[in-house]
Amino acid sequence: MSVNATPSPSAAPSPIHAVVADDFAAVNQTILDQLASRIPLVETIGQYIIESGGKRLRPLLVLLAARALEYQGDRHITLATLIEFMHTSTLLHDDVVDESHMRRGKATANDAWGNAPSVLVGDFLYSRSFQMMVEVGSMRIMEVLSAATCTIAEGEVQQLTNVGNPDTDEAAYFDTILGKTAMLFEAASHSGAILAGADERQEQALALYGRYLGLAFQLIDDLLDYEGDAKAMGKNVGDDLAEGKPTLPLIQAMAAGTPDQTRLVRRAIRKGGLDHLDEVLAIVQSTGALDYTRQKAEEMAAKALAELDHLPPSPYRDSMAELARLAVERKT
């Protein structure tokens, strides 16, 4: 599999990418260029996971944030690419930790090549992202991204310690998803703002926009695990339950359910697996837990939209607003 190939159709711009279509095409090409390695397996696995689908929201945030503040250079292309490499490396590692077999409708890299190659290629992508970080040449951006990597790792460990623990509460859940998901969204929009020379208020606004967007995105992800379409999502409904993850739909179901319902959900979390899937699906529906989770996602999206008021009007700001709306309306 050559890294000089044309980017996969899955990486083609969607309407939300339209205002930065040229930049996005440049990011796609830079991704392919930066996957080059003297070790063929690195290129093969790297390109496989990069081209396996996804909306590339995190690099998109870099591009939109920088352009919204009238950035005219080209370092945002490198910055967006390294953010995507950071994200892809976490996917490779996560799939090994979760023992996942499918992502976005395709076999995971660990399923296709094994755990050891997946972890090591994830390490390569992470290392490459730090090489590119040096190329960007901003100590402030390095500070933001290096701090973010630590927070992301902590979030992943916290999620692992929560597995099988039905006593995980809503506050602990939000702390976990802030680290494991929202932090990279925040780092993307924040670093784009820094690159563009944002003033203090604009920098804070774009950091918070990314944080709230990431929280909304993960809340909908966790909701879709109980009401999504398996074929559209490219994964099985109930995967979180099978892994014993106490996400917000389950946490709220235990808070709002009858004692019998609460006991059943607690038992399902402790045990993992799908023995109680149908009963749990019925409980999260009847207790209003899914509506509650969607409401929280909509609250986060509204907060993200409010932060955009601190930016000057532009098509880029409009796309960021649309992205916040789409985050809670999506079905995949």
Side-chain angles (χ1 to χ4, degrees), residues 7 10-31 54-87 132-133 135-138 140-141 144-145 148 181-218 220 297-298 300-330:
S10 65
S14 68
I16 199 69
H17 299 77
V19 295
V20 287
D22 290 343
D23 287 344
F24 196 72
V27 169
N28 281 337
Q29 187 57 54
T30 305
I31 286 171
K55 304 172 183 67
R56 297 206 178 148
L57 296 181
R58 296 150 191 85
L60 176 62
L61 286 179
V62 174
L63 303 177
L64 291 174
R67 291 302 196 188
L69 296 177
E70 302 180 351
Y71 178 71
Q72 297 299 316
D74 59 8
R75 287 184 296 165
H76 64 315
I77 304 300
T78 303
L79 180 57
T81 302
L82 76 88
I83 289 284
E84 181 66 3
F85 273 31
M86 289 173 66
H87 174 57
M132 288 186 280
M133 210 180 295
E135 290 178 25
V136 172
S138 166
R140 281 274 288 119
I141 289 175
V144 166
L145 295 183
T181 299
M183 184 50 61
L184 192 54
F185 278 78
E186 177 178 331
S189 53
H190 190 185
S191 59
I194 294 170
L195 186 65
D199 63 38
E200 185 176 349
R201 188 63 192 88
Q202 290 172 331
E203 185 180 322
Q204 181 185 31
L206 279 167
L208 289 174
Y209 165 84
R211 172 180 296 197
Y212 295 135
L213 178 67
L215 289 171
F217 190 87
Q218 186 60 54
I220 295 298
E298 290 171 348
M300 293 301 112
K303 287 184 176 183
L305 284 168
E307 294 298 334
L308 296 179
D309 290 341
H310 299 283
L311 304 183
S314 73
Y316 308 105
R317 188 182 77 171
D318 293 344
S319 285
M320 295 174 84
E322 181 64 12
L323 189 54
R325 288 187 284 268
L326 290 176
V328 294
E329 294 172 1
R330 65 195 177 91

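Just so it is clear, the values below take in all heavy atoms, side chains as well, and ignore hydrogens, waters and symmetry mates. Numbers here are sequence positions counted from 1. What you are looking at is a predicted structure, and each value in this text was computed from that prediction instead of being measured.
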Kindly compute the distance separating [atom1] ([X]) from [atom2] ([Y]), expressed to the nearest 0.5 Å.
X      : Y      : atom1 : atom2 : answer
Ile83  : Met132 : CD1   : CE    : 9.5 Å
Met300 : Ile220 : CE    : CD1   : 11.5 Å
Arg58  : Ser191 : CZ    : OG    : 13.0 Å
Phe217 : Thr181 : CZ    : OG1   : 8.5 Å
Arg317 : His310 : CZ    : NE2   : 11.0 Å
Gln202 : Leu308 : CD    : CG    : 11.5 Å

For this session: Could you name each residue pair satisfying salt bridge (Lys or Arg N to Asp or Glu O under 4.0 Å) that touches residues 192-201, not counting sequence neighbours?
Result: Arg201-Glu307
Exercise. According to the salt bridge (Lys or Arg N to Asp or Glu O under 4.0 Å) rule, which pairs have a member within residues 62-82, sequence neighbours left out?
Worked result: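 For residues 62-82, and leaving out neighbouring residues, the salt bridge (Lys or Arg N to Asp or Glu O under 4.0 Å) pairs sorted by first residue read Asp23-Arg67.
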Exercise. What do you reckon, is CG of Asp22 surrounded by more than 12 foreign heavy atoms closer than 6.0 Å?
Worked result: no
Nearest atoms (heavy-atom pairs only) where [X] meets [Y]:
X      : Y      : answer
Ala68  : Ser314 : CA-OG, 4.2 Å
Phe85  : Ile31  : CZ-O, 3.6 Å
Ala188 : Val62  : O-CG2, 3.5 Å
Ala187 : Ala148 : CB-CB, 3.8 Å
Ser189 : Ala65  : O-CB, 3.6 Å
Ala66  : Ala196 : O-CB, 3.7 Å

For this session: Answer yes or no: is there a donor N or O on one side and an acceptor on the other, between the side chain of Arg56 and the main chain of Asn28, under 3.5 Å?
Result: no
Problem set entry | Beyond-backbone contact of His190 with Arg140, side-chain heavy atoms, under 4.5 angstrom | yes
Problem set entry | Arg325 and Leu305, any side-chain heavy atoms less than 4.5 Å apart |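 In short, these two side chains touch, coming nearer than 4.5 Å.
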Return all side-chain donor-acceptor pairs below 3.5 angstrom for residues 206-215, not counting sequence neighbours, or 'none' if the list is empty.
residue, atom, partner, partner atom, Å
Tyr209, OH, Met320, O, 2.6
Arg211, NE, Glu186, OE1, 2.7
Arg211, NH2, Glu186, OE1, 3.2

Exercise. With respect to Leu79, which candidate in Ile194, Ile141, Leu63 satisfies the side chain to side chain contact (heavy atoms under 4.5 Å, CB included) definition?
Worked result: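 It is Ile141, the one option of Ile194, Ile141, Leu63 that forms the side chain to side chain contact (heavy atoms under 4.5 Å, CB included) with Leu79.
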Problem set entry | Worked check of side chain to side chain contact (heavy atoms under 4.5 Å, CB included) between Leu82 and Leu145 | CA-CA 10 Å; Leu82 76 88; Leu145 295 183; 3.5 Å; yes
